[in-house]
Amino acid sequence: DTGSYSIKAEATEAEPPPPLEYEASLSEVAEWSGVLSDEDAPYTSALDWNPPLGKVADLFLLEDLKPGYPYRITLQSGMFDAYLEIFEQSDFESGQETWPLVSNDDFGGSTDATTVFMVPPGATSGGWVLAITGSGDFERGDYALDIQPEPVHALGEADAPLVDVSSTQRGLIGSKTPYLEIEPGMVVRANAYALDTGDLDQTLTINLESSAFDVYIWVVDGKIGSVIAEDDDSGNEFNARIMLQPQDVPAHGCNLILVSSSYPDFEIKGSYQLYIGEDQKTGPSYEPDVVTLVDGTLINGTLPLSLIHI
């Protein structure tokens, strides 16, 4: 067939996305029982490798969380592989693709999700959005959500063994590492060591090393908690190094060394070496692996020949 025709193009405004619907607003202590179902809103995460076909989510507003403080969030389900993500509210509601501040899938060898959300310090433009979903497509079923503040200890309550200005300390960052409040609104997850610098008359070198995680170190006034020095990567690779000067330390000589990670996620774990004094920085010839043993688990490994003495 032949004939004439005309084509006309007109710009039209795109329909705005439907407003977000939240299941509830939750505070710093909350319990919630819910169900993921086909009636829930479709959900796509920036962390999805492939666009999901049937993923849904329940959304919650987290409000009245104290800036700078940690909250443990636990999501349990016997019907689907639980997954959670947390976003800043203004970013999430912008309609743009947003990466979560915190996410968790399988914790402790189970299909439940658990994380500790360290609320960023300082004022924010709003609250936080918690997305409850599954790790795969078409995850449906009942779930239980629990939010609790993590215990936070004052510096005076820290279990801080006294260390010498010429010594080597080895330790672990793990699930039992406490949260310490250095200053109001400034909480860190760290192991503490007491250091007496009353007789310090020359530069004191402090090195913190680990091959398991990116370390971070603070030296703080042991009485008032003010930060004297801190460092992330001044050592080789992801290690930390502080050159402490006599004029930097308080006259009373009471200091605390805080050993932590640059990313203080509660799932980070591993061993570290703290070298106090330049003569102590020799570097271990062997750093042990750190594993979590569950009843019934079998772990096989090999020790270096240098550690075997007959």
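Any value given below was found using the heavy atoms of this structure, including those in side chains, with hydrogens, waters and symmetry copies removed.
Annotation for Phe238: atom CZ does not count as buried by contact number, only 12 or fewer foreign heavy atoms lying within 6.0 Å.
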Exercise. Check the pair Ile86 / Ile73 against side-chain contact (heavy atoms from CB on, under 4.5 Å), numbers first and verdict last.
Key: CA-CA 10 Å; Ile86 299 177; Ile73 301 175; 3.4 Å; yes

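A donor-acceptor contact shorter than 3.5 Å links the side chain of Tyr71 to the backbone of Lys66. One N or O on the side chain of Ser210 and one on the backbone of Ser271 form a donor-acceptor pair closer than 3.5 Å. A donor-acceptor pair is defined here as one N or O able to donate and one able to accept, closer than 3.5 Å; such a pair exists between the side chain of Ser77 and the backbone of Asp142. Using modelled atom types, no side-chain atom of Thr205 and backbone atom of Gly277 make a donor-acceptor pair closer than 3.5 Å.
Under 3.5 Å, the side chains of Ser167 and Gln169 contain a donor-acceptor pair of N or O atoms.
One hydrophobic cluster, built from ILVMFWY side chains closer than 4.5 Å, holds both Tyr83 and Trp99. In this structure, Leu180 is a member of the same hydrophobic cluster as Val227, with clusters built from ILVMFWY side-chain heavy atoms closer than 4.5 Å.
Between the CG atom in Leu84 and the CG atom in Leu75 there is a gap of 5.5 Å [rounded to 0.5 Å].
Ring orientation note: the planes of Tyr143 and Phe60 are nearly perpendicular, at an angle over 60° on the 30°/60° scale.
One finds a salt bridge joining Glu278 and Arg241 here, because a Lys/Arg side-chain nitrogen approaches an Asp/Glu carboxylate oxygen to under 4.0 Å.
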